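Shown next, in structure tokens, is the structure this report addresses.
Everything quoted here is computed from the prediction, not taken from an experiment. Naming convention: chains lettered A, B, ... in sequence-line order (proteins, then strands); numbering from 1 in each chain. Keep in mind that the numbers below use all heavy atoms, side chains included, and drop hydrogens, waters and symmetry copies.
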Amino acid sequence: MPVVSIQDVGQYDGQEVTLRGWLYNLRESGKLLFPIFRDGTGTIQGVVSLKDQPAAFEALRGLTQESSVIVTGRIHADKRAPGGFEIQITAIEVVQRVPDETPYPIQLKEHGVDFLLDRRHLWIRTPRQAAILRIRAQAVRAAHEYMDSQGYILTEAPIFTPAACEGTTTLFEVQYIDDQKAYLTQSGQLYVEATAMALGKVYTFGPTFRAEKSKTRRHLTEFWMLEPEAAYAHLEDMMVLGEGLVSHIVQSVVKNRPRELETVGRDVTKLANVKAPFPRITYDEAVKILQERGNSAKWGDDFGGDEETILSSTYDRPVMVHRYPTALKAFYMQPDALRPELALGFDMLAPEGYGEIIGGGERIADYDLLVKRLRESNLPEEAFGWYLDLRRYGSVPHAGFGLGLERTVAWICGTEHIREVIPFPRMLYRVYP
RNA sequence: UGGGGCGUGGUCCAACCGGUAGGACACCGCACUGUUAAUGCGGAUGGUGUAGGUUCGAAUCCUACCGCCCCAGCCA
């Protein structure tokens, strides 16, 4: 008897199989029971009658939601069944029955956000949440595929770091051994610059932490970032890499996770156009577009949520805005040789108001300029000694960017809030469960 | 941190100008051989975030605190 996953039952039409999973819901109609089982790969309706299978009927009748079960029966296509296939149950083994006095708390009806987040460890069992996490996994896999195909080597950055890379106000401080202090990384960028000088083209993928007091649908205090960095690369190279990477991620999810996209209710036609090349506009042009649309943006302003939404809603795919004023960007950003008031950086804005999914650009290669910028930013020079070494020993032009995984997945899934796209979201005022 | 909103049975909500806190779902029982968050009938349990104040009387009005949501800033 083959043990199969629910996602594969279509290949077993007419055959008897065993499924291992949980009871998701149970409907009754007279001497018929219609249980719905889930196993993490999908859901399937079962059917059992008292007359034909009295033992299985009795075992299933009154069974509590989320009890774990091993089900044996014949798969057959039936238009009346949700999903097109159902299993005609011949035997059922209850692995653990959820006690009647402590029923499963998450019902099929609506719940509030706080209630669900307090039970996130159970909420992820619901089909929509499971589908989102499967899409996330596919996005990660596609990202690795693409970086590998472009000759980039995965190198890991440390999570304990001695200092900030963009300023100290948003760092989580931790006590290290004895009286030492360390901080949780807010970006692997400085380290990936070092490994780029060692290996040429590299990227890092890992968790990053920001103690920002941000309470919006686009922020987490712990999120995952993919950061490529390449020696001898320039701004243009990174914009090409960024659009190629995002195109590949989106198209891979569309191709390999159609069922999950349907489960989350995503309009897939909006993802179909997401193919390189993406539109590019300069910061100057962006300001002009905003002013034409009646926005009050002036040259020198950074863009907020409203501005990003106006810009991104102009296009059917992500848009890249490049050459921002130097004053708006991090200390390590290379100024444009032709217009030093502009930095050779770019942001990629996702459509439909999902905001910035990529930020990056060319780094300062010159030792003296980097020291000057460090001092202007009031950063502790001694903590950056190793970083300055990179400009002392064979410094070359180099560039990179950071891709926010959760924002990218939230956009692909069309979720209202970023908290749904990571298994256990860490937010301002929430570290449980 | 600022602005706005909200805290009522296990869950989701209602209760107008202060006057007996109610419904749906969930749960239990019965009926039903094709249900689609099944349906119909019946039943039991159980609640006003916390602390004060005003009042004959507070879920409702006032004050403080606690918690949550949304928006803004910052960012990915």
Practice task
Could you encode protein contacts along nucleotides 5-13 of chain B as a string, one character per nucleotide from 5' to 3', using B for base contact, S for sugar-phosphate-only contact and - for no contact, with a heavy-atom cut-off of under 4.0 Å?
Solution key: -----BSS-
Exercise for the section: Could you give the distance separating B:A51 and B:C66 at their C1' atoms, to the nearest angstrom? Expected result: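 Straight-line distance between the two C1' atoms is 11 Å.
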Practice task
For B:A26 versus B:A76, give the span between their P atoms, rounded off to a whole number of Å.
Solution key: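 To the nearest whole Å, 46 Å.
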Problem - Ring centroid separation A:Tyr152 to A:Tyr203 under 6.0 Å - result: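 For A:Tyr152 and A:Tyr203, the ring centres are not under 6.0 Å apart.
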Exercise for the section: Run the ring-centre check on A:Phe205 versus A:Trp224 and record whether the distance is less than 6.0 Å. Expected result: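 Yes.
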Problem - Qualifying salt bridge (charged side-chain N to carboxylate O under 4.0 Å, His left out) pairs, either residue in residues 310-323 of chain A, two or more places apart - result: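 Qualifying pairs, neighbours excluded: A:Arg323-A:Asp336.
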Handout entry: N or O in side chain of A:Arg217 less than 4.0 angstrom from B:C71 OP1/OP2
Key =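 Affirmative; the distance criterion is met.
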Completion exercise
For RNA chain B, the dot-bracket notation using Watson-Crick and G-U wobble pairs below 3.5 Å, [ ] for pseudoknot-type crossings and | for other-strand pairs, is (((((((..((((.....[..)))).(((((.......))))).....(((((..]....))))))))))))....
Return the value, rounded to whole Å, for the distance between atom [atom1] of [X] and atom [atom2] of [N].
X	N	atom1	atom2	answer
A:Tyr429	B:G67	OH	P	9 Å
A:Asp306	B:C74	CG	C1'	15 Å
A:Gln189	B:A76	CD	C1'	13 Å
A:Asp114	B:C70	CG	P	10 Å
A:Glu101	B:A26	CD	C1'	16 Å

Problem - Check: B:C74 base within 3.5 Å donor-acceptor of A:Ser214 side chain - result: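 Such a pair exists between side chain and base.
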Practice task
Record whether the side chain of A:Arg407 comes under 3.5 Å of the base of B:C75 through a donor-acceptor pair of N or O atoms.
Solution key: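 Between B:C75 and A:Arg407, which were checked side chain against base, a qualifying N/O pair under 3.5 Å is present.
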So if I take [range] and measure heavy-atom distances to RNA chain B, which residues fall below 4.0 Å?
range	answer
residues 25-52 of chain A	A:Asn25, A:Arg27, A:Glu28, A:Ser29, A:Gly30, A:Lys31, A:Leu32, A:Phe34, A:Gln45, A:Lys51
residues 74-94 of chain A	A:Asp78, A:Arg80, A:Ala81, A:Pro82, A:Glu86
residues 284-300 of chain A	none

Practice task
Would you classify B:C30 as syn or anti? Syn applies when the glycosidic angle is within 90° of 0.
Solution key: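 Chi for B:C30 falls in the anti range.
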